[in-house]
Each structure stands twice: as C-alpha cells, then as structure tokens.
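Scroll down for the structure; my scribbles are underneath it.
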Amino acid sequence: VHMRPCGLCLITCTVAEWFVTRAAMTQMQEAGSASTRVTLSLVIYSCGAMCWCFMWRCLWQTLYQNERRVTIEKEASESVLSMLCDATFWLAADGDTLVDSDHRLEGIIGSKGPFKTLNDFMPEQECAQLHAFTGITETSTNAPVHLLPTTLLHAEAVPISVDAFIVDRRSAFS
C-alpha cells in the first residue's frame, strides 16, 4: 500500500489548517503563546487523520483483493465443472426451486428459463427420490458430494437419464 496519497492528504490539510488558524488568531490578536499549542495540535490531528485514512485504504485494498481472489476461484471451479458436467444449477434450500442455471440445462430439457421448480422436469417417482435425497442433512453423512442417478423430462416428455452430483452447501449459508 502506497503512502503517497495519505502523505499528500496530510501535508495539504495541515498547511491549509495552519494558514486558516493563523489568520483567525491574528484577527483575534491571539498569535502569541497559543500559536505553538494550536500548531502542534493541528499536526497531531493531521497525523491521526493520515493514519485513519491509511487504515481505511488498507482495509478497502484487502477487501478488493479478497473479492478478486474469490471471483477467480469461482471462474476456475465453473470452468472445471463445465468440462466434467453437462449442466450446472443451484437449488434453493427447499431442494426444489431453481435459483440459478446455465444455458446447457435449457438445452437438455429443451425449454427456455426462467424455471420455477425442478419438479416440472422430473417424473413423480423421481421427484420423491430427489426430495428424500435433498432432505438428508449434510451432517448425517460425511460425503461432500452425492451421486443421484435420476431422469429429467425433455419439453416433449422424452425421458433423459442423468447422473446428478449433489453438493449440499445449505449449512455454509445458514
């Protein structure tokens, strides 16, 4: 983190404050012993302001770097998933409502979004299996990823067999 902007802020503010205070004290004819005390106070407060400014600059820079790192990691994981999986989507905590999906899911089910629920594209017996599977809490099993062979219905009611890899992240968001 560069100190130049903070130092420039310190010098500019201190000089401006000193000139304004000097002019005010000269008009009030109190330029004697109080002048040194006031000048010293101005320098101390300006240094405190510089430290405060520097602290916030460091905080915002750290926040930006962390946000950038998370964005890069997300892009990398999405890239890996796109190579390994035919489609990816996010389900809400109820295990049925589609929160987010990619265009590849639209290609598989043959329908354009936005979609309401995953149940709209599954046979009833498969819906029950999915709900039983997503109803399992993450703490009851040690596996971070679960495989669920299931069937999705194409827009023309053609069944398509898929292997759904389910990563339960509900506990991470609660």
In Å, rounded to the nearest 0.5 Å, how long is the span from [atom1] of [X] to [atom2] of [Y]?
{"X": "E126", "Y": "S161", "atom1": "CD", "atom2": "OG", "result": "8.0 Å"}
{"X": "T97", "Y": "N119", "atom1": "OG1", "atom2": "CG", "result": "8.5 Å"}
{"X": "D86", "Y": "L105", "atom1": "CG", "atom2": "CG", "result": "10.5 Å"}
{"X": "T62", "Y": "R57", "atom1": "OG1", "atom2": "CZ", "result": "10.5 Å"}
{"X": "N66", "Y": "T71", "atom1": "CG", "atom2": "OG1", "result": "10.5 Å"}

Test your reading of the model: is there a side-chain donor-acceptor pair from [X] to the backbone of [Y], 3.5 Å cut-off?
{"X": "S77", "Y": "K74", "answer": "yes"}
{"X": "T12", "Y": "L8", "answer": "yes"}
{"X": "T14", "Y": "I11", "answer": "no"}
{"X": "R104", "Y": "C85", "answer": "yes"}

With a 4.5 Å cut-off on side-chain heavy atoms, are [Y] and [X] touching?
{"X": "M55", "Y": "W52", "result": "yes"}
{"X": "T21", "Y": "L42", "result": "yes"}
{"X": "L153", "Y": "I160", "result": "no"}
{"X": "Q65", "Y": "R68", "result": "no"}

Taking every non-hydrogen atom, the tightest pair across F89 and L98: CD1-CD2, 3.5 Å
Taking every non-hydrogen atom, the tightest pair across P149 and L147: CD-O, 3.8 Å
Connected via hydrophobic side-chain network under 4.5 Å: L148 and I108: yes
same_hphob_cluster(L59, L63) at 4.5 Å side-chain heavy-atom cutoff: yes
Within 6.0 angstrom of E67 CD, more than 12 heavy atoms from elsewhere: no
Residue of the set T117, T150, I109 for which side-chain contact (heavy atoms from CB on, under 4.5 Å) holds with M122: T150
Partner set under side chain to side chain donor-acceptor pair (under 3.5 Å) for D163, not counting sequence neighbours: none
R69 and E73 ion-paired at < 4.0 Å: no
